[in-house]
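Notes for the one structure printed next.
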2 protein chains.
Amino acid sequence: MDGVNRTRSGRPGVAGANLPAMRSHNAALVLDLLRTAGEGGISRLELAERTGLTPQAVSKITARLREEGLAGEAGRRASTGGKPATVLRLVPDAGHAVGIQLDRDELRAVLVDLDGTVVAARRAEVDLGAGAEAVLGAVVDVAGELVERGGDSLLGVGVGAPGPLDHTHGVLHRVTGFPEWDGFPLRDALAERLGVPVVVDKDSNAAALGLAVGGEGGSFACLLLGTGLGAGLVIGGTVHRGARTGAGEFGHQVVQLDGPPCHCGDRGCIEALCLAAVARGDLAEAARVLGVGAANLAGLLDIDLVLLGGRTIAAAPEPFVRGVAAVLDAHTRREGSLRTTVPVRLAPGGGQGVAEGAAQLLLAPLFGRADG
Amino acid sequence: MDGVNRTRSGRPGVAGANLPAMRSHNAALVLDLLRTAGEGGISRLELAERTGLTPQAVSKITARLREEGLAGEAGRRASTGGKPATVLRLVPDAGHAVGIQLDRDELRAVLVDLDGTVVAARRAEVDLGAGAEAVLGAVVDVAGELVERGGDSLLGVGVGAPGPLDHTHGVLHRVTGFPEWDGFPLRDALAERLGVPVVVDKDSNAAALGLAVGGEGGSFACLLLGTGLGAGLVIGGTVHRGARTGAGEFGHQVVQLDGPPCHCGDRGCIEALCLAAVARGDLAEAARVLGVGAANLAGLLDIDLVLLGGRTIAAAPEPFVRGVAAVLDAHTRREGSLRTTVPVRLAPGGGQGVAEGAAQLLLAPLFGRADG
DNA sequence: TGCACTTTGGCAACAGCGTTGCGAAAGTGG
DNA sequence: CCACTTTCGCAACGCTGTTGCCAAAGTGCA
């Protein structure tokens, strides 16, 4: 019921609940289970078990969802000695969202349905330094086409951009290397031109949201190493952004007191050490530095999983995954506690993870996955 | 409604809501506002505004709370041109909890009422190395007296202990320096001897919870420097513990690659660097190291506040607060963003913050502040 | 002093939520 | 063919917050 609460009062956790709030909370819950079940579907009784609601309540809720066109029947399961269960499914076409990754030199856009399936994809070259008009024009071109294709079921456009930025207002801050964007109201500018709701978030948060919705449970960190180094943090199933969308500033974590200077003005930042190692071809050292940062993060937050992504890692996944895992492994072993090593994996989604996650900025709220 | 959800299904965020859940959610919300209002009290209409509920709903809810003895009238406010508002207050004596700080060499216990006011306090010397029987005996002695004094309104006993431990089962892990406690079921042992519900958590988490309930809003970190160095993390008003109660492992964050060895087996940990600096009397350097760790944490989580506590800091607060603030300040200035510097303060509560927070492990759930 | 007005807050009727009681539908298995 | 199991909806119900309304208790002006 959190999502509703937030919407109503602005101050999280301080809002009362009423019947409509309860209703949409439960509907979102059921919808999320339907989505998670995927093509296999799920029966009403299973839904009842998983939600803790009575079967009768589930029947009423699914009936409403079917009326709204969000859910539908999809055959029946084999009998287990009685009347066979009717399998319910999400109707993927009932909603769509466009997701955009706006990077420093390229633009990726996808049209995604309720299921999370990519229905269409576009890619274009851009230059963030070419001025707002040119960049916005490119975005509107690419997105507009997909928006149209989404038709009536289009919920809006999500944008993942390099930070820092303010996701609540959709305003960019000083993007590293492109100070002219500082203060640019990207969300409102796009919403006006496209005529649909727009949500803007950091690229790393979008990627993390996509993975969380995509099935990664619990708490995890998604580390993106590309032109910069950022982290998307998922804590207990929801993306943690902090009050100023500042969370996930992973690249400028200091891991070497009085170390080599970083372009940020500090010394010994992970990003500086890591990029320097990559530049001289020493991927093992880059991975080790990344691993130390990941171990710090894992220890501080007690997360369940580390996912690696971004262009640099996509170019040579193996040494990074292995190197980071080695550091985490050594760390766990030293602790000697009961806990098993934090697993490290390559973030799925190929080069399109951020764009897909950005689409989830619009879709996730339907499933009760608050975007706050 | 989260607290209720968690209780019902065990799997957070996956539980349906029903009328009783809604009812207790709203009751907890109102109760929390009554508590926060303190001695000044709060009127029904103010409650309605703050919760988003209708005045009528608030009237019904407060009537129930009054029947249960949890709330009461406390005079009236001056009229603002109409009927003067009736001021409502929490009845502090309606509930009590005992909070215990079990440290390596001492024991502190407090009896706290619903308001958070300390009604009684005890202190005793213990030696964690003296064996379970002796330690448990001491705890039962001190706590038993306070439990009895709490009478019928006693909700239970909360214990803050040095980590690592498992707070969901109340089992200690390998307490640094005292390996014999590894696997000891402290919660169940105490619950059996005292005959009341017991909750066990890390000392730093208890301190953080106490501060969160005590009025610190938003997200903050509570860093405790004593015989060890730990952090309690409050994210969006709730203590973040992680799935294994492992979160807040702040002391072994590595801030100096290949730095001096730490007793944990790693190198360059904050704790090693910090304690070494303290040992040679260089508090400025200790504060700087702590500051770097705090800046890392603040950047990663985008927190609003850093609070410093623990014995070492209590002994000389000023250089630590100043030193940590200096590092955070420099860090913010470099970012050049709109955000203001993360403030650093001495954690209030004197030497008794952990014990008071431990009591809140029992009280906080009443106010809808989930302990998960 | 009296009357209009504002503000507080409870009573009563209401709509809507999930729950309970129960029975129909649709299978399996002896 | 019949007993049994399992699924699942209809109907009545209890309880939630909401709405409509009115009494109570002040202020302020004539």
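The sequence lines fix the lettering, A, B, ..., with proteins before strands; numbering per chain opens at 1. The model shown is predicted, which means the values in this text are computed figures rather than measured ones.
Between Thr54(A) and dT19(C) there is a side-chain N or O to OP1 or OP2 distance below 4.0 Å. Contact annotation: Asn18(A) reaches the phosphate of dT18(D) (side-chain N/O to OP1 or OP2, under 4.0 Å). At the phosphate of dC17(C), neither OP1 nor OP2 sits under 4.0 Å from any side-chain N or O atom of Asn26(A). The shortest distance between the side-chain N/O atoms of Thr86(B) and the OP1/OP2 oxygens of dG9(C) is below 4.0 Å. Considering only side-chain N and O atoms, Arg77(B) lies nowhere under 4.0 angstrom from the phosphate OP1 or OP2 of dG26(D).
Each of dT16(D), dC17(C), dT19(C) was ranked by its minimum atom distance to the side chain of Arg23(A); first place goes to dC17(C). Side chain of Lys83(A), nearest nucleotide from dC17(C), dC8(D), dT8(C): dC8(D).
Taken to the nearest 0.5 Å, the CG atom of Asp113(B) stands 8.0 Å off from the CG atom of Leu363(B).
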In residues 27-40 of chain A, what donor-acceptor pairs under 3.5 Å come from side-chain atoms, sequence neighbours left out?
{"from": "Asp32(A)", "atom 1": "OD1", "to": "Arg35(A)", "atom 2": "NE", "distance (Å)": "3.3"}
{"from": "Asp32(A)", "atom 1": "OD1", "to": "Arg35(A)", "atom 2": "NH2", "distance (Å)": "3.0"}
{"from": "Asp32(A)", "atom 1": "OD1", "to": "Arg369(A)", "atom 2": "NE", "distance (Å)": "3.4"}
{"from": "Asp32(A)", "atom 1": "OD2", "to": "Arg369(A)", "atom 2": "NE", "distance (Å)": "3.4"}
{"from": "Asp32(A)", "atom 1": "OD2", "to": "Arg369(A)", "atom 2": "NH2", "distance (Å)": "3.2"}
{"from": "Arg35(A)", "atom 1": "NH1", "to": "Val213(A)", "atom 2": "O", "distance (Å)": "2.9"}
{"from": "Arg35(A)", "atom 1": "NH2", "to": "Val213(A)", "atom 2": "O", "distance (Å)": "3.2"}
{"from": "Thr36(A)", "atom 1": "OG1", "to": "Asp32(A)", "atom 2": "O", "distance (Å)": "2.7"}

Listed pairs under 3.5 Å, donor-acceptor, residues 64-78 of chain A side chains, sequence neighbours left out:
{"from": "Arg66(A)", "atom 1": "NH1", "to": "Glu73(A)", "atom 2": "OE2", "distance (Å)": "3.1"}
{"from": "Arg77(A)", "atom 1": "NH2", "to": "Glu46(A)", "atom 2": "OE1", "distance (Å)": "2.7"}

Restricting to nitrogen or oxygen on both sides, can you table the protein-nucleotides 28-30 of chain C pairs closer than 3.5 Å?
none

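Side-chain N or O atoms of Asp115(B) include none that pairs as donor or acceptor with a backbone N or O of Pro92(B) at under 3.5 Å.
By the side-chain hydrogen bond (donor to acceptor under 3.5 Å, both in side chains) test, Thr117(B) is found to be paired with no residue, residues two or more places apart in sequence or in another chain being considered. The side-chain hydrogen bond (donor to acceptor under 3.5 Å, both in side chains) check on Asn26(A) picks up nothing, with sequence neighbours excluded. Residues satisfying the side-chain hydrogen bond (donor to acceptor under 3.5 Å, both in side chains) criterion with Thr86(A), sequence neighbours excluded, are absent altogether. Ala191(A) is linked by a side-chain contact (heavy atoms from CB on, under 4.5 Å) to Val198(A), counting only residues two or more places apart in sequence or in another chain. Scanning for side-chain hydrogen bond (donor to acceptor under 3.5 Å, both in side chains) contacts around Ser153(B) gives His96(B), with sequence neighbours left out.
Nucleic acid contact for Pro84(A): sugar-phosphate only, since backbone atoms but no base atoms lie under 4.0 Å from a heavy atom of the residue.
The residue among Gln56(B) and Arg76(B) whose nearest nucleotide of DNA chain D lies closer to the 5′ end is Gln56(B).
A heavy-atom distance below 4.0 Å to DNA chain C is reached by these residues of residues 57-71 of chain A, ordered by number: Ala57(A), Lys60(A), Ile61(A), Arg64(A).
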